[in-house]
Protein chains: 2
Amino acid sequence: MEAKLEKVTLLDPSNLENVKNTLGKALNDGKVLLIIGACSADYIGRARSELTIGDRILIVKSDRSVLLHRPKSYKPVNWQPPGSIVNISIEENDLVVKCVREKPRETLIVRFIEIYTVAILDLEDEGEFSLYASEEDMRKAILKNPAIVEEGLKPVSLERPVRSGFIDVEAIDKNGNIVVIEIKRRAADVDAALQLARYVRDLEKVRGIGKVRGIVVAPRATAEFRRLARSLGIEFKPLSPKRCLEILYGVKEKKETTLDEFIS
Amino acid sequence: MEAKLEKVTLLDPSNLENVKNTLGKALNDGKVLLIIGACSADYIGRARSELTIGDRILIVKSDRSVLLHRPKSYKPVNWQPPGSIVNISIEENDLVVKCVREKPRETLIVRFIEIYTVAILDLEDEGEFSLYASEEDMRKAILKNPAIVEEGLKPVSLERPVRSGFIDVEAIDKNGNIVVIEIKRRAADVDAALQLARYVRDLEKVRGIGKVRGIVVAPRATAEFRRLARSLGIEFKPLSPKRCLEILYGVKEKKETTLDEFIS
DNA sequence: ATATGCATGTCGCAC
DNA sequence: GTGCGACGTGCATAT
């Protein structure tokens with residue numbers, strides 16, 4: 001039998017019965033399965049797909065998410081999200097991996113007619129993942145320094161960290177008007193204009209007679225956005241996610257920038 | 001040196017210099033690279049991310065798409081879409097994989113402090129992938145049999161296979177009204193209502209005075225959609241992608257259904 | 001090249 | 001559980 005305590009345990013692909021049994025056990029132990037070989041795949045669920053035979057990589061993760069990868073493209077050709085029920089069997093001398101998800105009911109069947117490599121991975125990953133420059137970071141930056149949107153802007157309930165309803169930021173401008181801000185980390189498009197126009201209308205209904213201003217804050221705007229925004233009375237204020245990071249955490253690359261300037 | 005003509009070539013992780021050189025060569029030869037080990041990762045581009053050390057799977061595909069997978073979750077924790085420039089180097093006894101994408105400029109750096117397994121995969125995949133029950137299939141089914149939406153409905157320019165502008169299907173109802181149909185393969189939601197309302201308004205402007213009907217065709221509708229649709233004058237017609245497949249290709253499971261009925 | 005909308009989108013969060 | 005919106009969304013397609 002294979003050595004334990006190893007991060008990677010390679011199995012003998014020719015002993016199919018052993019492969020099936022060992023993979024099944026490893027799956028229950030929360031290991032990650034890796035199969036490289038020639039397979040076909042069929043999926044039935046929200047849609048339906050067929051994939052004829054070719055060389056692929058199958059990964060079954062410890063949370064029972066399943067990925068079938070072709071040698072090209074970023075996205076898996078077939079997959080199953082976490083939590084699916086995975087069953088491994090032998091049918092007509094092929095290794096068959098059947099992955100079933102409930103709600104919605106979806107089935108993915110991968111049939112290996114040939115296996116090149118099969119491995120059990122015992123991966124430990126307690127690493128921390130941090131992502132910066134999200135829309136939430138932009139919101140925080142605006143709350144910290146509302147003047148980047150407009151001089152004299154005062155956010156309502158600044159102390160409340162969560163968004164009010166579906167509105168990213170609600171504020172009062174220097175003339176006392178209510179302002180609704182919709183933040184986009186990418187170019188403002190038609191959808192952003194429609195979304196904000198709806199919020200503005202909802203808020204006008206709730207607040208009564210007063211006019212409510214709508215501002216989309218985004219790094220840039222598409223031409224169609226500008227057209228639609230004009231007709232809907234929506235305003236636009238350019239602001240990039242990176243600028244927001246500078247506001248939140250200070251200008252990190254100050255030193256390097258200075259160095260660059262010195263060199264050039 | 002390792003055997004050629006093999007689908008999977010395992011390298012000796014302890015010989016880092018050889019790993020670096022062999023991976024670099026394999027990359028140029030259009031092979032797929034697989035590295036399993038402990039690594040950290042940093043990304044800078046549209047956003048910024050940091051990932052501290054843990055066990056992961058790195059796949060560099062032949063189209064230079066890059067996937068860094070943790071032992072859990074469907075999505076890669078870090079990645080690069082196809083076409084990025086991949087560079088492999090040794091820094092302070094670590095294997096460093098640097099992936100740069102232009103437009104937008106984005107950089108992903110994965111640093112392996114320990115390698116458990118490193119392999120070069122020579123995968124051949126000419127398999128065909130077919131997907132059914134897309135929104136396009138639903139459109140075809142409606143054009144083939146408009147009565148599933150409404151009795152007496154006549155699609156405009158049925159012979160034209162592509163959608164007209166942003167409107168999925170344009171038709172005339174039995175009373176001569178213009179009908180705009182928006183198809184969704186999932187539940188109709190707020191966005192669908194707003195989108196269609198905009199199309200209807202645009203079309204009314206172009207066509208002149210006449211009232212234009214808007215119908216969302218989808219397997220189901222959210223409560224909020226129904227509310228908004230009512231206030232926007234948008235209609236809803238339930239239709240599932242699967243029903244559309246039956247209309248397009250005939251009722252495939254007829255025989256089994258009959259069998260089920262016979263048994264029960 | 002840019003913009004627009006689909007996707008077996010997935011994912012997380014609020015209700 | 002459902003609904004809603006973000007995502008480093010990716011991706012094809014039309015302009």
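Every chain is numbered from 1 and lettered A, B, ... according to where its sequence line falls, protein lines coming before strand lines.
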inquiry  = Per the side chain to side chain donor-acceptor pair (under 3.5 Å) rule, what does the pair list look like for residues 77-86 of chain A, sequence neighbours excluded?
reply    =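 Found A/S49-A/N78.
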Which nucleotide sits closest to the side chain of [X]: [options]?
X: B/Q195; options: C/dA3, C/dC11, C/dG5; value: C/dG5
X: A/V190; options: C/dT2, C/dT4, D/dG8; value: C/dT4
X: A/E224; options: C/dA3, C/dG5, C/dT4; value: C/dT4

query = For D/dG8, does either OP1 or OP2 sit under 4.0 Å from a side-chain N or O belonging to A/R185?
reply =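 Answer no for this pair, as no side-chain N or O of A/R185 is under 4.0 Å from OP1 or OP2.
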query = When rounded to the nearest Å, what value does the distance between P atoms of D/dG8 and C/dG5 take?
reply =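 Roughly 22 Å separates the two P atoms.
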inquiry  = Using the P atom as the point on both nucleotides, what is the distance between C/dT4 and C/dT8, in whole Å?
reply    =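 Result for the P pair: 23 Å, nearest Å.
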inquiry  = Filter on ring pair (Phe, Tyr, Trp, His ring centres under 6.0 Å), then keep only pairs touching residues 36-67 of chain A, sequence neighbours left out; what's left?
reply    =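 The answer is none; no pair qualifies.
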message = Considering only residues two or more places apart or on different chains, which pairs with a residue in residues 52-73 of chain B satisfy ring pair (Phe, Tyr, Trp, His ring centres under 6.0 Å)?
response =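 For residues 52-73 of chain B, and leaving out neighbouring residues, there are no ring pair (Phe, Tyr, Trp, His ring centres under 6.0 Å) pairs at all.
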request  = Between A/P82 and B/S134, name the one whose nearest nucleotide on DNA chain C is closer to the 5' end.
outcome  =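 Looking at DNA chain C, the more 5' nearest nucleotide goes with B/S134.
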message = On DNA chain C, does the nearest nucleotide to A/R227 precede the nearest nucleotide to A/E106 from the 5' side, or the other way round? Give the residue.
response =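 With A/R227 and A/E106 compared, the 5'-side residue is A/R227.
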key: Within residues 71-80 of chain B: residues closer than 4.0 Å to DNA chain C (heavy atoms)   =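 Residues of residues 71-80 of chain B under 4.0 Å from DNA chain C: B/Y74, B/K75.
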query = For DNA chain D, what dot-bracket results from Watson-Crick or G-U pairs at under 3.5 Å, with [ ] for crossers and | for inter-strand partners?
reply = |||||||.|||||||
query = Does B/R227 have any salt bridge (charged side-chain N to carboxylate O under 4.0 Å, His left out) partners at least two apart in sequence or in another chain, and if so, which?
reply =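 Checked B/R227 against salt bridge (charged side-chain N to carboxylate O under 4.0 Å, His left out); matches are B/E224.
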